[in-house]
Amino acid sequence: MSEVVDGGVVATPGKSIANVLNKAYLRCVDFVSGTLNIALGTLGGDIPDKNVYLKGRYAPLTELFHEIDCELLEGALPESLTGAYMRNGPNAALVPEGGYHMFDGDGMVHAVRFRDGKVSFSNRYVQTKRLQMELSHGRPVFLKIGDFHGVTGLCKVLLAQALRYLNIVPPPTGLYHTANTSIVYHAKKVLALGEVGAPYNLRMLCNGIVETLGAVSTNIDGSTSFTAHPKIDPDSDEMVTFGYNVEKKPFVRVGFVDADGNAEKTIQVYGVSRPVMIHDMALTKNYVFVFDMPLIFDPVLMVKENKLPFVLREDIPGRFGLLRRDAVNDRTMEWFEVPGGSWLSHEANAWEDEESKKVHLVAIKISGFDLETFWGEEDWEKPHLAHWSFDLETKDVTHQRLLSDEGQVMEFPVINPRYRGKKAKYVWVTLADPVKVDFYFVRIGKVNVEAGLLDADDGLEAVIHLPPGLNCGEMRFVPRHEDPNMCDGEDDGFLIGYAHENDNSGAYFVAYDAKTMSSNMLCKFRMPTRIPF
């Protein structure tokens with residue numbers, strides 16, 4: 001059965017502060033700041049009922065489900081699929097005050113467990129320090145991405161800084177972030193990750209409930225942030241990660257974590273000379289990629305143009321940095337300059353060619369992008385899968401599309417994780433036809449990288465078409481067998497994930513055959529609830 005507790009969250013009372021007077025003081029400041037925040041949001045036109053990211057397919061869930069058996073509608077669960085599948089996403093626990101962006105919600109994990117051919121569903125919030133503090137206040141108290149608009153946004157920033165100075169509200173980084181972006185398994189830990197804060201360790205109990213054990217060390221000295229997309233070497237199990245900030249140098253730090261979860265070293269990257277947004281990274285046998293693309297933090301933009309303070313600059317070149325994994329500092333980093341006006345959202349893979357002395361990268365390239373409309377303008381190039389090669393001797397960079405269809409949106413690339421940092425033949429991407437600002441991923445493409453490099457018209461080897469009325473988000477590749485020697489090639493595995501009704505009426509756990517790419521589902525289980533996109 002489902003339960004509803006304080007909007008789907010069990011509130012955790014805050015610890016006693018020093019004395020009653022101090023508590024009263026904090027209550028007064030909290031009341032004043034809350035009133036000001038609501039007033040500023042109203043002045044800035046931030047009305048939750050009209051926010052697109054609080055309605056429809058993005059609307060937060062208010063129910064918690066506990067080990068609900070899911071109805072099998074098609075096929076059967078593959079015998080080799082065991083364990084659990086977890087997906088993390090933003091889900092506002094409290095009604096926002098002021099602005100709200102797609103990336104602002106509290107992390108909620110939607111989990112299915114596989115057992116005896118059956119699937120059961122549970123969902124729980126990641127119990128971050130931020131969420132617990134806001135629940136104890138009874139209202140949102142932290143600055144959000146959606147707040148960064150116009151003069152009212154500037155006022156909110158100043159208010160947040162004042163509360164930080166008075167030790168009322170800590171900065172929204174470190175332990176006080178949303179942990180709402182991804183799930184990674186490393187060193188026998190399930191980690192819920194966000195863009196700007198420490199990983200939170202989760203575990204699934206024997207009854208299927210996902211429990212938050214607490215935050216773990218960022219393993220990046222001097223940084224409170226931790227990327228949502230670290231890379232794990234499939235041979236050594238070393239995890240490489242990074243953190244970035246927009247306030248002071250070094251803007252980027254790269255961290256190395258051994259197979260047991262212990263920090264090995266941190267490299268401060270002083271070569272990134274400007275505050276930029278970096279969402280992903282890449283890893284090869286000997287190198288770590290740092291994407292210094294010109295999506296630049298510009299607070300003046302927030303005030304003058306009433307926009308979020310990140311702008312993709314066409315007049316400033318982008319740069320790819322190659323940091324050797326055995327480096328002790330960033331002085332030997334090699335930088336490759338490319339034309340401005342583009343950004344990388346998600347990496348698919350990277351590898352080295354020892355004969356040609358080249359390093360290769362495959363990722364989603366976006367041109368004409370901002371955090372408000374994403375890629376919604378008609379004259380903007382749509383996100384697409386692209387390939388770059390970097391000549392370590394001549395310092396030349398080459399770039400080309402891997403698929404020729406320029407009209408569709410391509411996102412969320414995945415590979416067989418056993419090929420991370422190695423040359424892989426295949427990349428799977430989700431495909432969408434853009435409709436104004438919104439979009440629905442209704443196909444899954446299997447990209448032959450080698451064929452695409454020869455001719456972009458031949459890059460798309462096969463396509464899965466979701467049934468009419470359904471769309472999907474990011475899919476995950478799972479090898480068919482735990483023993484690699486039992487798999488029939490790199491593509492022998494499953495594509496698993498959630499599919500959503502276009503009318504927002506329901507969701508399903510689905511699995512497809514990544515090798516045959518048949519549009520017939522291997523299995524389709526009905527979830528007991530819709531799942532936010």
Side-chain angles (χ1 to χ4, degrees), residues 101 103-104 129-130 142-145 147-149 153-179 181 193-199 215 217-230 240-256 263 265-281 288-304 307-313 316-321 323 327-333 335 340 343-344 371:
H101 188 269
F103 302 155
D104 279 329
K129 292 290 187 181
R130 174 188 179 122
F142 287 92
L143 196 65
K144 305 181 298 299
I145 295 175
D147 289 324
F148 287 86
H149 282 96
L154 178 61
C155 293
K156 291 179 184 180
V157 171
L158 295 175
L159 176 61
Q161 290 179 339
L163 294 175
R164 187 188 311 181
Y165 177 78
L166 294 171
N167 291 322
I168 304 299
V169 178
T173 57
L175 303 180
Y176 294 89
H177 73 117
T178 54
T181 308
L193 305 177
E195 187 86 352
V196 296
S217 169
T218 64
N219 301 111
I220 305 178
D221 290 341
S223 177
T224 58
S225 64
F226 191 103
T227 179
H229 299 295
V240 184
T241 183
F242 74 93
Y244 76 93
N245 76 91
V246 297
E247 295 181 351
K248 60 182 180 179
K249 289 186 176 182
F251 293 117
V252 177
R253 292 176 170 87
V254 178
F256 296 79
K265 64 181 178 182
T266 296
I267 303 295
Q268 301 184 63
V269 183
Y270 287 95
V272 177
S273 60
R274 60 221 178 168
V276 294
M277 177 177 283
I278 308 175
H279 184 63
D280 208 342
M281 61 183 296
V288 179
F289 270 94
V290 174
F291 303 148
D292 180 17
M293 311 307 285
L295 185 57
I296 297 176
F297 179 71
D298 182 2
V300 175
L301 187 75
M302 174 180 70
V303 178
K304 285 189 174 182
K307 290 185 176 181
L308 292 176
F310 282 95
V311 57
L312 186 58
R313 297 280 294 273
I316 298 178
R319 298 192 312 154
F320 292 89
L323 171 69
V328 295
N329 55 50
D330 74 332
R331 294 172 190 167
T332 58
M333 278 190 76
W335 292 95
W343 187 64
L344 276 66
L371 289 177

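The aromatic rings of Phe291 and Phe320 sit perpendicular, their planes meeting at an angle over 60°, well past the 30° parallel limit.
A side chain to side chain contact (heavy atoms under 4.5 Å, CB included) with Val254 is found for exactly one of Thr227, Val288, Thr266, Asp330, namely Val288. Between Val246 and the choices Pro309, Pro299, Pro275, the side chain to side chain contact (heavy atoms under 4.5 Å, CB included) rule is met once, by Pro275.
For the pair Phe289/Met281, no side-chain contact is recorded, criterion being any heavy-atom separation below 4.5 Å from C-beta on. In this structure, Asn245 and Phe297 have side chains that are not in contact, with every pair of non-hydrogen atoms separated by 4.5 Å or more. Looking at His229 and His279, their side chains come closer than 4.5 Å, going by heavy atoms from C-beta outward. Between Val290 and Phe242, the closest side-chain pair of non-hydrogen atoms is not below 4.5 Å. For the pair Glu195/Tyr244, a side-chain contact is recorded, criterion being any heavy-atom separation below 4.5 Å from C-beta on. Residues Leu154 and Met302 have side chains in contact (heavy-atom distance under 4.5 Å, counting atoms from C-beta outward).
A distance of 11.5 Å separates CG of Asp292 from CG of Leu344, quoted to the nearest 0.5 Å.
Nearest heavy atom pair, residue Pro294 against residue Gly340, reads CG-CA, 4.1 Å. Heavy-atom minimum distance, Leu301 versus Val311: CD2-CB, 3.7 Å. Minimum heavy-atom separation, Arg319 to Arg274: N-NH2, 4.4 Å. Closest approach of Phe310 to Leu295, counting heavy atoms only: CD2-O, 3.8 Å. Closest approach of Phe226 and Gly197 over heavy atoms only: CB-O, 3.2 Å. Phe251 and Lys248 get closest at one heavy-atom pair: CD2-O, 3.4 Å.
For the pair Trp343 (side chain) and Met277 (backbone), a donor-acceptor distance under 3.5 Å is present.
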task: Carefully, step by step, assess Phe142 and Asp104 under the rule side-chain contact (heavy atoms from CB on, under 4.5 Å).
output: CA-CA 10 Å; Phe142 287 92; Asp104 279 329; over 6 Å; no

task: Apply side-chain contact (heavy atoms from CB on, under 4.5 Å) to the pair Val276 and Met293, showing each step before the final yes or no.
output: CA-CA 7 Å; Val276 294; Met293 311 307 285; over 6 Å; no

message: Applying side-chain contact (heavy atoms from CB on, under 4.5 Å) to Phe103 and Thr181, what does each step give before you reach the verdict?
response: CA-CA 8 Å; Phe103 302 155; Thr181 308; over 6 Å; no

message: Under the criterion side-chain contact (heavy atoms from CB on, under 4.5 Å), I'd like the reasoning laid out for Leu308 against His149: C-alpha separation, chi angles, the key distance, then a yes or no.
response: CA-CA 6 Å; Leu308 292 176; His149 282 96; 3.5 Å; yes

